[in-house]
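Take a look at the structure set out below.
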Amino acid sequence: ALSKAITLVESTLEKDQKKASDLISKLKSNNNSIRIGVTGIPGVGKSTFIEKFGKQFIDQGKRVAVLAIDPSSEKTKGSILGDKSRMEILSADKNSFIRPSSNSGTLGGVTNKTRDSILLCEEAGFDIIIIETVGVGQSETTVSKLVDVMILLTITGAGDQLQAIKRGIIELAHLIVITKDDGDNKKNVKQTLVELKNIISINPPIDENWQTRIEKCSAKEDTGI
């Protein structure tokens, strides 16, 4: 039912849009969920991280919904939508719901219907809503307006890419997480941790109660999650 409802709100057909509008207007306000945005540069392992991250909440008795936004092709307008296959363990759990959606060319890292999809997941009783964005860049700041917590994933050796997006998502991230802290990469992770602390030290706090924190983790070794 939740999948059908999200398909309805994402439809561009006029008759579906009216039904979707009626449906959204009937939703009760549920302020008990926690909305978490997860973004990161390509190759950072967003899906692997989210699978381990989501499982932690499920083990605590929570219900977890993942809204994964995929980029759509400029030529064919199609998307791969392969996130479910990358989160096999999480997608098989009865307390999880994973929904890949195409961004249909919308900038900001999300789709223009992500907010409605979040409301539907909340109505369906999910405690944790994780939004996995398309990728990362200065334009991908829309998602930060939809979530309570913004997590930016990065890897070692990504200094130039991070500098390029510093004025965008870095200023809005509550947590910056260095992934792949395992094996021979541990030394590089420590160095990256210091570099990132220097970068964020010159940024103002996100608000009066929170200064961006930097953590490290390994989904492979299940540490730091």
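No hydrogens, no waters, no symmetry mates; every other heavy atom, side chains included, goes into these values.
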(request) Say whether, by atom type as modelled, one donor and one acceptor occur between the side chain of S201 and the main chain of N198 under 3.5 angstrom. (result) yes

(request) To the nearest 0.5 angstrom, please state how far the CG atom of L27 sits from the CD atom of E122. (result) 9.5 Å

(request) Write down the atom of W210, the atom of H174, and the distance for their closest heavy-atom approach. (result) NE1-O, 3.0 Å

(message) Any non-hydrogen side-chain atom of E123 less than 4.5 Å from a side-chain atom of K28?
(response) yes

(message) How close do A173 and I176 get, counting heavy atoms only, and between which atoms?
(response) CB-CG1, 4.1 Å

(message) Taking D22 first and then K18, would you say they form a salt bridge - that is, a charged N and a carboxylate O separated by under 4.0 Å?
(response) yes

(message) For E14, is the CD atom crowded, meaning more than 12 foreign heavy atoms sit under 6.0 Å from it?
(response) no

(message) Using 0.5 Å steps for rounding, measure from the CD1 atom of I128 to the CD atom of Q56.
(response) 11.5 Å

(message) When you measure from the side chain of D181 to the backbone of S218, do you find a donor-acceptor pair of N or O atoms at a distance under 3.5 Å?
(response) no

(request) Measure the CD1-CE distance between I98 and M87 for me, rounded to the nearest 0.5 Å. (result) 5.5 Å

(message) Looking at every heavy atom in both L2 and A124, which two are closest together, and how far apart are they?
(response) CD2-CB, 4.0 Å

(message) So which atom in Q17 and which in T12 form the shortest heavy-atom distance, rounded to 0.1 Å?
(response) NE2-O, 3.5 Å

(request) Answer yes or no: is there a side-chain heavy-atom contact under 4.5 Å between M150 and T39? (result) yes

(request) Starting at CD1 of I6, measure out to CZ of F97 and round the result to the nearest 0.5 Å. (result) 4.0 Å

(message) So if I apply the side-chain contact (heavy atoms from CB on, under 4.5 Å) rule between I178 and each of T154, L152, L153, V44, which one comes out positive?
(response) T154

(request) For residues V38 and V66, determine if any side-chain heavy atom of one lies less than 4.5 Å from a side-chain heavy atom of the other. (result) no

(request) Flag the pair C217 / T179 as yes when at least one side-chain heavy-atom distance between them is below 4.5 Å, and no otherwise. (result) yes

(message) For the backbone of L8 and the side chain of D16, can you confirm whether one donor and one acceptor N or O come within less than 3.5 Å of each other?
(response) no

(request) Would you tell me whether T156 and N188 have side-chain atoms, one donor and one acceptor, within less than 3.5 Å of each other? (result) no

(message) For I34, I'd like to know if atom CD1 has over 12 heavy atoms of other residues, nucleotides or ligands within 6.0 Å.
(response) no

(message) With rounding to the nearest 0.5 angstrom, report the CZ to CD1 distance, R115 to I131.
(response) 12.5 Å

(request) Would you name the heavy atoms of G40 and K46 that are closest together and state the gap between them? (result) O-NZ, 3.4 Å

(request) Can you measure from CD (E10) to OG (S117) and round to the nearest 0.5 angstrom? (result) 5.0 Å

(message) My understanding is that only one of I130, N95, I129 makes a side-chain contact (heavy atoms from CB on, under 4.5 Å) with V64; could you say which?
(response) I130

(message) Is it true that, when you exclude K190 itself, more than 12 heavy atoms of the residues, nucleotides or ligands shown sit nearer than 6.0 Å to its NZ?
(response) no

(request) Take the angle between the ring planes of F53 and F57 and call it parallel below 30°, perpendicular above 60°, tilted in between. (result) perpendicular

(message) For S3, is there any backbone N or O sitting under 3.5 Å from a side-chain donor or acceptor partner on T7?
(response) yes

(request) Might you point out which heavy atoms bring L90 and G54 nearest each other, and give the distance in Å? (result) CD1-C, 4.0 Å

(request) Could you tell me whether the side chain of E51 and the main chain of I89 form a donor-acceptor pair under 3.5 Å? (result) yes

